[in-house]
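From a predicted model like this one, the values you see are computed outputs, not experimental measurements.
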Amino acid sequence: MFYKSTRNSEVKISSAEAIVQGISADGGLFVPSEIPSITMDEIVSLGDMSYAERAAYVFKKFLTDFTDAELKFCTESAYNDKSFRTADITEISHLFDGTYILELWHGPTCAFKDMALQILPYLLTTSLKKTGINKKVVILVATSGDTGKAALEGFKDVEGTSIMVFYPQDGVSAMQKRQMATQEGKNVTVCAMNGNFDDCQNGVKAVFTNEEIKQKLSDGGMMFSSANSINWGRLAPQIIYYISAYAELVKDGEINAGDKINIVVPTGNFGNILAAYYAKNMGMPVNKLICASNANNVLTDFINTGIYDRNRKFITTVSPSMDILISSNLERLLYIMCGENDAQIREWFGKLASEGRYEVTDDVKAKLRADFAAGCCDDVQTKACIKEIYDKYSYTLDTHTAVAVKVYEDYKKATGDMTKTVIASTASPYKFSTAVLEAIEGTAGDMDEFDKVEKLHQVSGYDVPKSLAELKDKDIRFTGVIGRDEMKDFVLKSLSL
């Protein structure tokens with residue numbers, strides 16, 4: 001299995017090289033040369049395996065240059081009860097008939113990003129050894145809240161690495177900011193930026209592809225890589241939990257082998273739902289992939305019209321991890337759907353950069369409608385959904401999962417589709433205590449963040465994750481804020497270059 005760039009199909013590198021590089025030199029994203037298949041018999045057999053064993057089995061199809069021993073080391077090091085609060089790594093809650101909540105937030109930072117970022121450091125360090133690269137790896141991360149903390153936690157004090165995380169100053173929750181500002185580790189740096197997530201993401205990409213900066217790093221014995229989902233090593237682990245969930249539902253007798261399911265994903269950068277698309281194209285039976293957006297509904301509009309237009313007001317919402325107008329992973333999907341036409345990708349994404357919009361072909365529009373449905377909701381609807389589910393089922397949703405539930409309910413009403421459905425639950429409600437309390441009780445009261453956590457504990461009955469409770473007594477380490485045009489200088493100064 002080789003990997004090529006979405007903007008240059010002539011690129012041909014190993015998975016280890018793709019993981020180390022993070023992004024192609026031409027600005028494209030690495031994709032596998034083909035999508036491997038998985039049979040129903042294989043999926044059923046996964047039901048008798050541990051999560052780490054399931055992960056190694058699926059990884060072997062994509063990371064063919066890794067040995068069985070290397071994959072076992074990576075998966076068993078990442079997916080264990082030392083890192084995750086549940087032995088099953090993920091949990092499936094039966095919300096109501098035929099609807100299942102796939103809880104992906106039982107890792108150390110209480111967000112679905114842990115599913116990939118607990119294993120990425122092992123994949124990266126193994127890849128470095130395999131490629132014979134003897135340089136310090138500088139990990140650059142743009143975050144809308146959850147990726148940053150998960151990446152920091154995964155890479156803290158990992159030998160041979162340094163990690164820098166940039167987040168929008170006013171675009172994350174109080175708990176997310178606290179998680180990053182108190183991060184421990186000798187090799188970590190965190191900085192806020194005046195702007196939104198797209199500004200952070202654009203800044204990171206600009207630094208990544210700046211030849212002058214890359215040369216300075218090389219002269220200093222360093223190189224860049226990424227922990228965002230632009231890195232294939234971040235995206236590949238997300239494919240696994242969808243296949244694992246299907247195997248688990250078959251094992252539990254909730255579905256029969258071969259039954260199609262719907263998958264609903266709250267997403268902003270499109271990586272989480274793209275992973276489900278890969279799982280479907282490997283052979284996992286999927287009816288519809290339902291893309292759920294908040295008020296920043298650029299993806300909803302795109303899937304419904306085929307026109308991607310970021311020229312719109314950016315809205316700060318109670319589901320901040322989805323406050324994104326430039327969805328990076330969409331490039332991988334469109335590369336597949338346009339027949340791996342790299343010239344077409346360069347044209348579309350060149351227009352996105354210069355004009356802020358592009359329109360795909362009628363053929364791609366038809367493919368989008370065949371695989372995807374899309375919907376969106378605003379903060380009022382999000383909070384109303386949290387309240388409704390809490391009152392009906394005594395189940396507490398976080399703000400992002402509530403967007404997915406609301407969009408799914410709208411989809412069912414519009415289509416009458418009663419296919420059994422898995423909804424990806426992306427974060428613990430405790431990461432967004434203010435909004436969740438406002439939804440359930442009408443107000444969050446005049447309390448600090450940790451009093452709100454305690455109040456939500458009383459309301460929900462859920463145990464407060466230890467990693468969040470301990471933040472109260474941790475020292476604030478990072479308070480810096482930079483402007484949109486200062487990232488280059490900040491990175492070089494931080495690296496003493």
> Taking only residues two or more places apart in sequence, or in another chain, which ones meet Lys60 in a side-chain hydrogen bond (donor to acceptor under 3.5 Å, both in side chains)?
Replying inline: Asp68

> How would you list, by chain and number, every residue that makes a side-chain hydrogen bond (donor to acceptor under 3.5 Å, both in side chains) with Ser433, sequence neighbours excluded?
Replying inline: none

>> Test of understanding: with salt bridge (charged side-chain N to carboxylate O under 4.0 Å, His left out), list the residues that count as partners of Asp146, not counting sequence neighbours.
In response: Lys431

> Excluding sequence neighbours, so at least two apart, what forms salt bridge (charged side-chain N to carboxylate O under 4.0 Å, His left out) with Glu254?
Replying inline: none

Pair [X], [Y]: side-chain N/O donor-acceptor within cut-off below 3.5 Å:
X      : Y      : answer
Ser328 : Gln201 : yes
Lys4   : Ser9   : no
Ser14  : Lys130 : no
Asn329 : Asn269 : no
Ser321 : Gln176 : yes
Thr39  : Asp41  : no

>> Salt bridge check, Glu409 against Lys412: does any charged N sit closer than 4.0 Å to a carboxylate O?
In response: yes

Beyond-backbone contact of [X] with [Y], side-chain heavy atoms, under 4.5 angstrom:
X      : Y      : result
Cys110 : Tyr430 : no
Asn196 : Asp323 : no
Tyr308 : Ser327 : yes
Leu235 : Leu29  : no
Leu123 : Phe66  : yes
Cys338 : Ile345 : yes
Glu248 : Arg54  : yes
Val265 : Leu289 : no

>> Over 60° means perpendicular and under 30° means parallel, so tell me whether Tyr278 and Trp232 are parallel, tilted or perpendicular.
In response: perpendicular

> When rounded to the nearest 0.5 angstrom, what is the spacing between CD in Glu388 and OH in Tyr393?
Replying inline: 7.5 Å

> Distance from Ile290 atom CD1 to Thr415 atom OG1, nearest 0.5 Å?
Replying inline: 7.0 Å

Test your reading of the model: is there a side-chain donor-acceptor pair from [X] to the backbone of [Y], 3.5 Å cut-off?
X      : Y      : answer
Lys61  : Pro36  : no
Tyr79  : Met115 : yes
Asp398 : His400 : yes
Gln183 : Val188 : no
Ser77  : Phe73  : yes
Thr399 : Val318 : yes
Asn202 : Asp199 : no
Ser225 : Ile139 : no
Asp198 : Ile324 : no
Arg310 : Leu352 : yes

> Out of Thr426, Val407, Asn294, which one pairs with Pro266 under the side-chain contact (heavy atoms from CB on, under 4.5 Å) rule?
Replying inline: Thr426

> Where do Thr419 and Lys288 land on the side-chain contact (heavy atoms from CB on, under 4.5 Å) test, with the steps shown first?
Replying inline: CA-CA 9 Å; Thr419 303; Lys288 277 291 183 184; over 6 Å; no

Please report the closest heavy-atom contact between [X] and [Y], naming both atoms and the distance.
X      : Y      : value
Phe155 : Thr161 : O-OG1, 3.8 Å
Ala427 : Thr401 : N-OG1, 4.4 Å
Ser394 : Tyr462 : O-OH, 4.1 Å
Arg7   : Arg346 : O-NH1, 2.8 Å
Asn231 : Ser226 : ND2-O, 2.7 Å
Val204 : Leu140 : CG1-CB, 4.0 Å

> Do Asp259 and Lys420 pass the salt bridge (charged side-chain N to carboxylate O under 4.0 Å, His left out) test, and can you show the C-alpha distance, the side-chain angles, and the key distance before you say yes or no?
Replying inline: CA-CA 9 Å; Asp259 287 352; Lys420 290 189 175 181; over 6 Å; no

>> Quick check on Phe2: does its CZ atom have over 12 non-hydrogen neighbours (other residues, nucleotides or ligands) under 6.0 Å away?
In response: no

>> Counting only heavy atoms from other residues, nucleotides and ligands, does the tally under 6.0 Å from NZ of Lys129 exceed 12?
In response: no

> Who are the side-chain contact (heavy atoms from CB on, under 4.5 Å) partners of Arg369, not counting sequence neighbours?
Replying inline: Lys365, Ala366

>> Does anything in residues 241-267 form a ring-ring contact (aromatic ring centres under 6.0 Å, His included)? List the pairs, not counting sequence neighbours.
In response: none

> Which is it for Lys406 and Asp410 under the salt bridge (charged side-chain N to carboxylate O under 4.0 Å, His left out) test, yes or no, and what are the steps along the way?
Replying inline: CA-CA 6 Å; Lys406 168 59 177 169; Asp410 290 345; 3.1 Å; yes

> Please walk me through it: do Gln21 and Ile13 pass side-chain contact (heavy atoms from CB on, under 4.5 Å)?
Replying inline: CA-CA 10 Å; Gln21 291 182 37; Ile13 63 174; 4.0 Å; yes

>> Is there a side-chain contact (heavy atoms from CB on, under 4.5 Å) between Glu331 and Tyr335? Walk through the geometry before answering.
In response: CA-CA 6 Å; Glu331 184 168 336; Tyr335 181 74; 5.7 Å; no

>> Is there a side-chain contact (heavy atoms from CB on, under 4.5 Å) between Glu53 and Thr75? Walk through the geometry before answering.
In response: CA-CA 7 Å; Glu53 290 170 332; Thr75 55; over 6 Å; no

